[in-house]
Amino acid sequence: MFRQSKTVLQKLRSLSFQGHNPSWRFRSTPATERALQYQAGQKIHGFTVKEVVDVPDLFLTAVKLTHDNTGAQYLHAARDDKNNLFSVQLRTTPMDNTGVPHILEHTVLCGSEKYPCRDPFFKMLNRSLSTFMNAFTASDFTMYPFSTQNGKDFQNLLSVYLDAVFFPCLGELDFRQEGWRLENENPTDPSSPLVFKGVVFNEMKGAFSDNEQVYAQHLQNKLYPDHTYGVVSGGEPLAIPDLSWEQLKHFHATHYHPSNARFFTYGDLPLEQHLKQIHEEALSKFERTEPDTAVPNQVHWDRPREDHVTCSPDVMAPDAAKQNTLCMSYLLGDITDTFEGFTLSLMSSLMISGPNAPFYKALIEPKIGTDFSSVVGYDGSTKEASFSIGLQGMAEEDTEKVKQIIIQTFDEIIANGFEEERIEALLHKIEIQMKHQSTSFGLSLASYIASCWNHDGDPVQLLKICDSVTQFRQALKDNPRFLQEKVVHYFKDNTHRLTLSMSPDEAYLEKQVKAEEEKLQKKIQALSESDKKDIYEKGLELLSIQSQTQDASCLPALNVSDIEPTIAVTHVEMGTAGGVPVQYCEQPTNGMVYFRAMCSLNSLPEDLKLYVPLFCSVITKMGCGGLDYRQQDQQMELKTGGMSISTSVNPDYSNMDMYEQGVLLSSSCLERNLPDMFHLWSDIFNSPHFDDEERLRVLVMMSAQELANGISNSGHMYAMTRAARNLTPTGELQETFGGMEQVKFMKRVAEMPDLTQVLRTLPRIKRHILNPMNMRCAVNATPQKMSNAAGQLDMCLIIPTQEPNFKPCQMKTFFPMPFPINFVSECIRTVPFTHEDCASLNILARMMTSKYLHGEIREKGGAYGGGARMGGGLFTFYSYRDPNTVQTLSAFRKGVDWAISGQFTQQDINEAKLSVFSAVDSPVAPSDKGMGRFLSGITDELKQAHRERLFAVTDKNIVDVAGRYLGIGQRTCGVAILGPENDIIKKDPSWVVK
């Protein structure tokens with residue numbers, strides 16, 4: 001998976017530390033205590049301990065080691081968390097645009113010395129109870145992480161990962177499948193035209209159809225032009241076909257060596273076992289080398305630079321005449337200076353985050369553009385950090401004006417500084433992020449330290465957040481102009497500044513298609529007849545290997561008997577506050593209180609439904625009670641961990657045509673701020689402000705822009721939502737609230753010259769929704785605080801809706817989009833959660849994905865991803881970044897035929913069960929315990945009954961449900977595709993083209 005450093009490694013920037021705190025009282029735990037007993041200088045299984053540090057803020061002990069023989073670096077974070085994580089990262093510094101580290105990341109996962117079967121990585125997804133498995137290519141490192149709650153599983157996965165990374169097969173056919181190849185369009189017909197194929201080739205064509213990503217990539221390449229950041233590590237689509245198999249193998253030999261590796265483990269499993277296995281299975285087989293992978297500092301410019309790039313027009317843009325982007329980017333200091341990075345990251349938030357920030361006031365509120373540029377704020381994912389500020393959705397003639405505003409705003413910050421209350425709100429946010437517990441804490445940690453450690457910074461220093469907060473407070477105390485002086489140094493006096501503008505080019509896609517065609521013809525012209533014959537034969541060979549049933553018996557696997565037979569029970573108590581039912585769930589929430597309320601939409605008139613998502617997004621941002629929107633934002637930042645409202649559609653667990661429609665209120669706070677949080681909710685309920693048209697326009701523009709930007713990354717979700725639209729009443733509502741219908745509606749609202757009609761609509765919605773007569777609430781907190789929380793509450797209950805005359809109907813919809821690739825989905829109406837066949841359909845979806853659809857859609861078809869899933873009464877097929885349309889729909893149908901014919905083994909069923917249970921049993925954070933019951937009424941008893949049905953699924957059940965629900969003539973289905981213009985579909989009258 002390609003991660004663009006500018007946009008994706010956000011986790012490195014957010015100081016979000018979540019994890020499981022094990023008990024009501026904060027005390028050290030067995031895992032942390034055990035780790036504290038190591039001594040610097042101690043030798044363990046070929047490693048030497050360098051440092052042991054207690055990090056009480058994060059309830060962990062950090063142990064730093066190096067491998068004696070190879071110099072490999074190792075960090076272990078011991079913590080009382082069952083969700084153990086492993087990751088190995090290698091510094092990968094390409095010097096061209098062929099995407100060699102990205103294609104290598106895909107290819108090493110296609111088989112190794114010890115595990116020579118094809119694609120062990122995807123096969124392990126079904127032989128393990130992993131809670132996470134993936135691989136990422138960033139600008140300057142490649143990372144291979146996994147996590148699991150099972151000790152035996154950890155050893156299995158570690159063995160597969162170590163062998164893949166250090167001893168891969170790197171076969172030529174795998175390179176051709178995953179990277180790129182020339183092949184006949186129809187591999188079995190030598191007279192069909194030659195075309196480019198390959199998984200990464202199509203993935204990157206998809207990535208470069210996203211204007212935000214195109215901009216971010218250009219910005220990084222042009223701000224750091226001299227070394228590895230000047231190229232596209234994921235691969236520029238037209239440069240990918242310049243990569244040879246030999247170059248791929250050479251890159252592995254020079255970069256994938258323990259001397260160039262950093263190992264990280266996290267959780268409550270003992271460190272010695274990890275070290276022993278890593279040493280014996282991998283590191284003991286290598287000698288130390290001196291890898292030449294260090295990234296030099298970028299040479300500083302003596303004067304600022306300007307540049308311009310183009311992109312494809314956005315058909316969903318709120319204003320077709322305003323599609324330009326402009327941004328100023330500054331090169332900052334080295335990210336290995338931990339405190340400087342911490343300061344710059346905070347300063348960035350103070351300058352841009354929320355309506356009180358100077359750049360928000362100067363750039364967003366005058367409505368010159370729709371939102372900040374896609375790259376904005378502090379970015380610490382490259383060796384030297386950067387800060388970017390600018391706008392998207394602006395007119396070309398405003399370019400000079402925006403540049404002046406940016407320079408002027410820096411001057412105003414230098415003159416006025418930042419209000420103390422805003423600095424306090426930001427430090428409060430860090431306190432909350434450190435107390436909040438998520439289930440993927442190990443992964444957040446691995447991502448957070450990755451960049452700094454990659455350039456030989458100290459990862460342990462990075463974990464001592466409280467030290468940085470203390471140092472920051474002291475610096476402000478010693479010098480009240482501390483932050484202003486940083487602004488002068490990094491922005492006013494900094495000559496290494498790039499101003500990059502981007503404008504749409506009507507012919508952009510056409511030029512890309514033409515350039516690809518020229519590249520293709522150039523390759524073809526260089527071929528002799530025997531080369532063409534060779535290509536045809538290699539195509540047949542690849543197809544033949546892809547079509548073979550694979551023997552995966554060399555891979556380690558858990559058994560179905562390794563799965564816990566019963567679920568862990570979550571105790572909830574039903575109480576009342578002010579005479580109204582409330583669900584209380586006592587949890588070790590680390591001093592936090594989590595509040596949710598569900599408000600029914602039953603009484604809402606149909607004509608207001610489309611407005612509900614807009615209502616949800618603005619209601620907490622317009623001001624309330626005695627507070628205007630700036631003061632409201634400030635109070636929310638100072639007193640809560642965030643307050644939000646979102647739409648919620650929950651199908652009934654036993655009847656497909658019954659459902660609950662509502663909006664969900666969510667918020668959290670430190671225990672000490674409980675009265676303030678409820679006071680804010682009370683003001684939002686009783687006296688929200690709906691009178692500021694200018695404020696509403698800003699929020700509408702930002703919301704419409706965000707929706708438009710999201711399509712190229714989430715096209716498969718939009719396709720699935722649309723395909724389900726006419727099959728169930730919940731499908732219809734989900735399309736209204738979150739599908740293409742909502743995207744188009746928000747575009748229309750953003751285009752309205754006058755929003756008074758929308759302003760008048762909001763109070764009407766509020767009267768129906770924010771009404772204590774149709775609400776119910778849930779509170780998760782520690783036992784000590786529960787009675788306090790109950791005392792603060794006063795809320796109410798709701799009844800599910802039935803749609804008595806809903807008639808499912810067939811529909812095929814095509815959305816032409818300016819992408820070079822497709823997102824395809826087909827949905828079939830089946831059965832609800834408590835139906836006896838639901839479990840069999842779940843297992844079938846997982847089995848069909850791994851045993852049939854993966855091979856057809858990804859390996860043969862070249863799509864980045866595809867599969868089937870079961871949920872909400874619907875069996876859904878999908879593909880992602882797919883070069884095909886009709887061929888993929890045919891693969892979906894053949895998948896059903898494959899299941900009906902029973903061409904699978906008991907081992908295939910067992911693997912599908914493991915995979916389904918790894919999702920069913922994925923860890924739940926204390927803040928989210930009991931939420932399944934609260935939102936959809938599914939009790940622990942219902943979950944246990946479903947669990948027993950999953951265990952009991954047989955081959956006969958699977959063949960039976962495939963025929964009964966998915967067979968031709970048995971099914972009511974919907975189909976949707978988002979993709980480039982398609983003549984075959986246009987000429988077919990059964991399709992609705994939007």
Side-chain angles (χ1 to χ4, degrees), residues 1-4 8 87-90 92 94 96-113 115-125 132-146 160-181 183 196-208 231-237 239-253 255-256 542 545-546 550 821 850 854-867 879-883:
M1 180 165 106
F2 172 54
R3 293 193 141 193
Q4 190 167 40
V8 184
S87 118
V88 56
Q89 69 177 65
L90 304 123
T92 45
D96 61 37
N97 288 321
T98 59
V100 58
H102 184 197
I103 293 171
L104 182 59
E105 171 229 304
H106 279 243
T107 316
V108 302
L109 300 173
C110 289
S112 60
E113 281 179 18
Y115 305 112
C117 65
R118 205 177 80 246
D119 224 349
F121 178 79
F122 278 98
K123 292 194 170 52
M124 284 307 290
L125 287 169
F132 184 83
M133 271 178 77
N134 215 326
F136 309 119
T137 304
S139 299
D140 53 10
F141 68 83
T142 306
M143 179 191 257
Y144 296 87
F146 71 76
V160 172
Y161 266 63
L162 289 173
D163 211 55
V165 169
F166 295 109
F167 312 107
C169 297
L170 299 183
E172 187 185 4
L173 288 177
D174 294 322
F175 165 65
R176 289 167 58 79
Q177 173 183 291
E178 295 298 317
W180 76 277
R181 64 188 181 276
E183 191 174 88
F196 286 130
K197 294 182 183 177
V199 173
V200 170
F201 179 73
N202 286 316
E203 180 190 347
M204 294 314 292
K205 275 174 75 172
F208 276 90
V231 305
V232 184
S233 66
E236 205 279 305
I240 288 173
D242 295 333
L243 181 67
S244 71
W245 178 42
E246 296 305 326
Q247 287 168 319
L248 180 92
K249 291 188 289 186
H250 176 73
F251 194 87
H252 182 272
H255 291 74
Y256 276 51
L542 181 59
I545 285 176
Q546 288 169 338
Q550 282 288 305
I821 38 77
S850 60
H854 176 77
E856 294 297 313
I857 295 171
R858 181 176 162 123
E859 293 181 350
K860 293 182 190 173
Y864 183 45
S879 73
Y880 184 76
R881 290 187 176 161
D882 186 348

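All of these numbers come straight from a predicted model, not from anything done at the bench.
Residues Val160 and Pro120 come closest through the heavy atom pair CG1-CB, 4.4 Å. In plain terms, the two heavy atoms of Val165 and Tyr256 that are nearest each other are O-CD2, 3.3 Å. Scanning all heavy atoms of the two residues, the minimum distance from Ala239 to Asn97 falls at CB-O, 3.4 Å. When all heavy atoms of Gly861 and Pro883 are compared, the pair lying nearest together is O-CG, 3.2 Å. Phe208 approaches Gly235 most closely through the heavy-atom pair CE1-O, 3.6 Å. Residues Ala135 and Leu109 come closest through the heavy atom pair CB-CD1, 4.0 Å.
By the 4.5 Å heavy-atom criterion applied to side chains, Ile240 and Thr98 are not counted as neighbours. At least one side-chain heavy atom of Pro145 sits less than 4.5 Å from a side-chain heavy atom of Phe136. Proximity of Gln247 to Val100: side-chain heavy atoms (C-beta onward) are nowhere separated by under 4.5 Å. Leu90 has its side chain out of reach of Phe141: every pair of non-hydrogen atoms, C-beta onward, lies at least 4.5 Å apart. Using a 4.5 Å heavy-atom cutoff, the side chains of His102 and Met204 are in contact. In this structure, the side chains of Glu203 and His106 come closer than 4.5 Å at one or more pairs of heavy atoms.
Not counting sequence neighbours, Arg176 has no partner by the salt bridge (charged side-chain N to carboxylate O under 4.0 Å, His left out) test. Under the ring pair (Phe, Tyr, Trp, His ring centres under 6.0 Å) criterion, Phe121 pairs with no residue at all, not counting sequence neighbours. Among residues two or more places apart in sequence or in another chain, the salt bridge (charged side-chain N to carboxylate O under 4.0 Å, His left out) test is passed with Asp96 by none. Taking Tyr144 as the reference, nothing meets the ring pair (Phe, Tyr, Trp, His ring centres under 6.0 Å) condition, with sequence neighbours excluded. Taking the side chain to side chain donor-acceptor pair (under 3.5 Å) definition, one finds that Glu183 meets it with Arg181, Lys197, sequence neighbours left out. Scanning for side-chain contact (heavy atoms from CB on, under 4.5 Å) contacts around Pro101 gives Thr92, Pro94, Thr137, Thr142, Ser233, Phe251, with sequence neighbours left out. Residues passing the side chain to side chain donor-acceptor pair (under 3.5 Å) test with Asp163 are Ser112, sequence neighbours excluded. Annotation: salt bridge (charged side-chain N to carboxylate O under 4.0 Å, His left out) contacts of Arg858 (sequence neighbours excluded): Glu178. Take Pro241 and apply the side-chain contact (heavy atoms from CB on, under 4.5 Å) test, not counting sequence neighbours, and it matches Trp180, Phe196, Phe201, Lys519, Lys523. Listed by chain and residue number, Phe286 satisfy the ring pair (Phe, Tyr, Trp, His ring centres under 6.0 Å) test with Phe167 (two or more places apart in sequence, or in another chain). With sequence neighbours left out, the salt bridge (charged side-chain N to carboxylate O under 4.0 Å, His left out) criterion links Glu856 to Lys860. Not counting sequence neighbours, His252 has no partner by the side chain to side chain donor-acceptor pair (under 3.5 Å) test.
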Go through the steps for Arg881 and Lys205 under the test side chain to side chain contact (heavy atoms under 4.5 Å, CB included), then give the verdict. CA-CA 8 Å; Arg881 290 187 176 161; Lys205 275 174 75 172; over 6 Å; no
Using the side chain to side chain contact (heavy atoms under 4.5 Å, CB included) rule, take Arg118 and Leu173 through it: C-alpha gap first, then chi angles, then the decisive distance, then the call. CA-CA 10 Å; Arg118 205 177 80 246; Leu173 288 177; over 6 Å; no
Using the side chain to side chain contact (heavy atoms under 4.5 Å, CB included) rule, take Leu170 and Leu104 through it: C-alpha gap first, then chi angles, then the decisive distance, then the call. CA-CA 8 Å; Leu170 299 183; Leu104 182 59; 3.7 Å; yes
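Rounded to the nearest 0.5 Å, atoms CZ (Phe175) and SG (Cys169) are 16.0 Å apart. Of the inter-residue distances, the one linking Asp174 atom CG with Ile103 atom CD1 reads 13.0 Å to the nearest 0.5 angstrom. Rounding to the nearest 0.5 Å gives a distance of 12.0 Å between OG1 of Thr107 and NZ of Lys249. Taking OG of Ser244 as the start and NE2 of His250 as the end, the distance is 10.5 Å to the nearest 0.5 Å.
In this structure, Tyr161 has its ring center closer than 6.0 angstrom to the ring center of Phe146.
Asn202 places a side-chain N or O within 3.5 Å of a backbone atom of Gly862 that can act as its donor or acceptor partner. A donor-acceptor pair is defined here as one N or O able to donate and one able to accept, closer than 3.5 Å; no such pair exists between the side chain of Ser879 and the backbone of Asp882. Under the 3.5 Å distance criterion, the side-chain polar atoms of Tyr864 are left unmatched by any main-chain donor or acceptor of Val200. With Lys123 contributing its side chain and Ser850 its backbone, the two residues share no donor-acceptor pair below 3.5 Å.
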